[in-house]
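Below: the structure, in structure tokens.
Proteins come first, then strands; the chains are lettered A, B, ... in the order of their sequence lines, and each starts at number 1. Just so you know, these numbers use all the heavy atoms, side chains as well, and skip hydrogens, waters and symmetry mates.
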There are 2 protein chains.
Amino acid sequence: MKNDNDIEQRIQYLIHCLREAGIKATNQRLEVFRTVLESEEHPDAERVYQIVSQRVPTISLDTVYRTLWLLKDLDFISTIETTQSKTRFDANIDTHHHFVCSECGAIIDFYNDKFDKLEIPIEIEELGTANRLLVEIKGICNKCLANMTNDQIKTKKGERK
Amino acid sequence: MKNDNDIEQRIQYLIHCLREAGIKATNQRLEVFRTVLESEEHPDAERVYQIVSQRVPTISLDTVYRTLWLLKDLDFISTIETTQSKTRFDANIDTHHHFVCSECGAIIDFYNDKFDKLEIPIEIEELGTANRLLVEIKGICNKCLANMTNDQIKTKKGERK
DNA sequence: TTTGGTGCAAACCGTTTGCATCGCT
DNA sequence: AGCGATGCAAACGGTTTGCACCAAA
């Protein structure tokens, strides 16, 4: 779904936009962006930090945070709503939808043409300016279903903020 | 949209379910549930605490937390995905959809018959068991739009986790 | 009466911030 | 060379937990 050319191209575009905005295109920033681009999960800051550290061992967690928010402000990545305390980031710019596990909080992207064609109702204008629509399906993911049958008498306690 | 009978009825049902499960129906628990039921916003724990305190002045914030999670485990309320650090709670059991402000994180319920009729695609079975579908529209709410034009040269910085 | 629930205060964990140093441009 | 970016460590804010007391069943 993602190929290296796409990724290099988007990194080049980031460098271009940063320079244009008078923001320095440091190695840390580019590697943080690359990590989110390459990630198939929806990584939180800690996870991004773990991965980037392998390439840039001296990077600090707070630089990762600062960079992620910078990328978000520049609309290169977005944040995902979660039921957990950790903020999760996403560089998937294709139209997609979410399957959300109410047990473990996993968010799995899925694609669906019918949902892609849904239009934003006019009534929304009363609330604000809309720019994106996505369908969210809540349920329990396969992994959690497996755990629940294993545990049998399960003390139901989900992940919390 | 909500009337007092509905609320009393749901509280009675809670008492019934608690007793059945061998959990004590304490005043604190009932008042926390009443507060979420009566709330038109999607209150966070702190907000629930503020309101409940007026009726039960000795209640503590951690009891509010414990009760909210208990009610969630019993499926009397649900938690809402947010981009902010605070967990927000919801007792709205009607089928509804969300308008989410990407600036301030506000979540506004809206109703739409067409969206209500959307069906869960079969492909979802590969991911897990689905039980609810909702449409999420992302945009910028009127309040934030107003602020943005006021501030003019705005140092774009949203609410963060 | 008994056992689970509550309130308190301290711990926890994800995230942010102040400051001195470092390295793009 | 200059100034924004970084790394460190300490602060912060929402949430959780251990413990002794209290009250619903």
Side-chain angles (χ1 to χ4, degrees), chain A residues 11 14-33 42-50 52-53 55-74 79-89 105 155 157-161, chain B residues 11 14-33 42-50 52-53 55-74 79-89 105 155 157-161:
Chain A
I11 291 175
L14 173 64
I15 294 174
H16 168 79
C17 292
L18 288 176
R19 296 230 164 106
E20 199 139 88
I23 298 169
K24 290 177 185 168
T26 60
N27 190 37
Q28 286 90 328
R29 286 180 172 154
L30 304 183
E31 290 303 329
V32 166
F33 186 41
H42 300 278
D44 57 36
E46 184 69 41
R47 185 88 191 94
V48 173
Y49 174 62
Q50 287 169 7
V52 176
S53 296
R55 291 192 217 122
V56 191
T58 63
I59 201 170
S60 66
L61 180 58
D62 56 288
T63 296
V64 171
Y65 272 108
R66 282 189 273 234
T67 305
L68 289 170
W69 294 124
L70 173 69
L71 293 173
K72 192 200 166 171
D73 280 349
L74 297 173
T79 50
I80 290 179
E81 286 73 36
T82 66
T83 332
Q84 295 161 196
S85 64
K86 298 178 179 179
T87 306
R88 299 172 71 176
F89 299 87
T155 337
K157 270 205 164 216
E159 307 266 311
R160 323 236 126 129
K161 289 229 182 197
Chain B
I11 291 175
L14 172 64
I15 295 174
H16 169 80
C17 292
L18 288 176
R19 297 231 165 106
E20 198 139 87
I23 300 169
K24 289 177 186 168
T26 61
N27 190 37
Q28 286 91 326
R29 288 182 172 150
L30 303 182
E31 290 303 329
V32 165
F33 185 42
H42 300 279
D44 56 37
E46 184 68 41
R47 186 87 192 95
V48 172
Y49 174 61
Q50 287 170 7
V52 176
S53 295
R55 290 193 218 122
V56 191
T58 63
I59 200 170
S60 65
L61 180 57
D62 55 287
T63 296
V64 171
Y65 273 108
R66 282 188 273 232
T67 304
L68 289 169
W69 294 126
L70 172 70
L71 293 172
K72 193 200 164 170
D73 281 349
L74 297 174
T79 51
I80 289 180
E81 286 72 36
T82 66
T83 333
Q84 294 162 196
S85 63
K86 297 179 181 178
T87 305
R88 298 173 71 178
F89 299 87
T155 337
K157 269 205 164 220
E159 306 266 312
R160 321 234 127 129
K161 290 226 187 201

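The nearest whole Å value for the distance from the CD atom in B:E46 to the P atom in D:dG13 is 12 Å. In this structure, the CG atom of B:L30 is 16 Å from the P atom of D:dA23, given to the nearest Å. The interatomic distance linking B:Q50 (CD) with D:dG14 (C1') rounds to 14 Å, in whole Å. When rounded to the nearest whole Å, the span between CD of B:E31 and C1' of D:dA24 equals 16 Å. Remark: C1' of D:dG14 and CZ of B:F89 are 11 Å apart, rounded to the nearest angstrom. Spacing between atom CG of A:L61 and atom P of C:dT17 amounts to 14 Å, rounded to whole angstrom units. One interatomic measurement links the two molecules: CD1 of A:I15 to P of C:dC24, which rounds to 13 Å at whole-angstrom precision. For the pair A:L68 CG and C:dT16 C1', the interatomic distance rounds to 14 Å; values are reported in whole Å.
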Practice prompt. Between protein and nucleotides 4-12 of chain D, map the contacts as a letter string: B base, S sugar-phosphate only, - none, heavy atoms under 4.0 Å, written 5' to 3'.
Written response: BSSBBB---

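The main-chain N or O of A:H42 is found under 3.5 Å from a side-chain atom of A:R88 such that the two form a donor-acceptor pair.
Across the interface with DNA chain C, nearest-nucleotide mapping of A:A45 and A:R19 shows A:A45 to be the residue nearer the 5′ end.
Applying the side chain to side chain donor-acceptor pair (under 3.5 Å) criterion to B:E46, with sequence neighbours excluded, gives no partner residue. For B:R66, the side-chain contact (heavy atoms from CB on, under 4.5 Å) criterion is met by B:D62, B:T63, not counting sequence neighbours.
For the 3.5 Å distance criterion, the side chains of A:T82 and B:E81 fail to qualify, holding no donor opposite an acceptor.
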Donor-acceptor list for residues 26-33 of chain A side chains, cut-off 3.5 Å, not counting sequence neighbours:
residue: A:T26; atom: OG1; partner: A:R29; partner atom: N; Å: 3.4
residue: A:R29; atom: NH1; partner: A:K24; partner atom: O; Å: 2.8
residue: A:E31; atom: OE1; partner: A:R34; partner atom: NE; Å: 3.4
residue: A:E31; atom: OE1; partner: A:R55; partner atom: NH1; Å: 2.5

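Note that the CG atom of A:L68 and the OG1 atom of A:T79 stand 10.5 Å from one another [nearest 0.5 Å].
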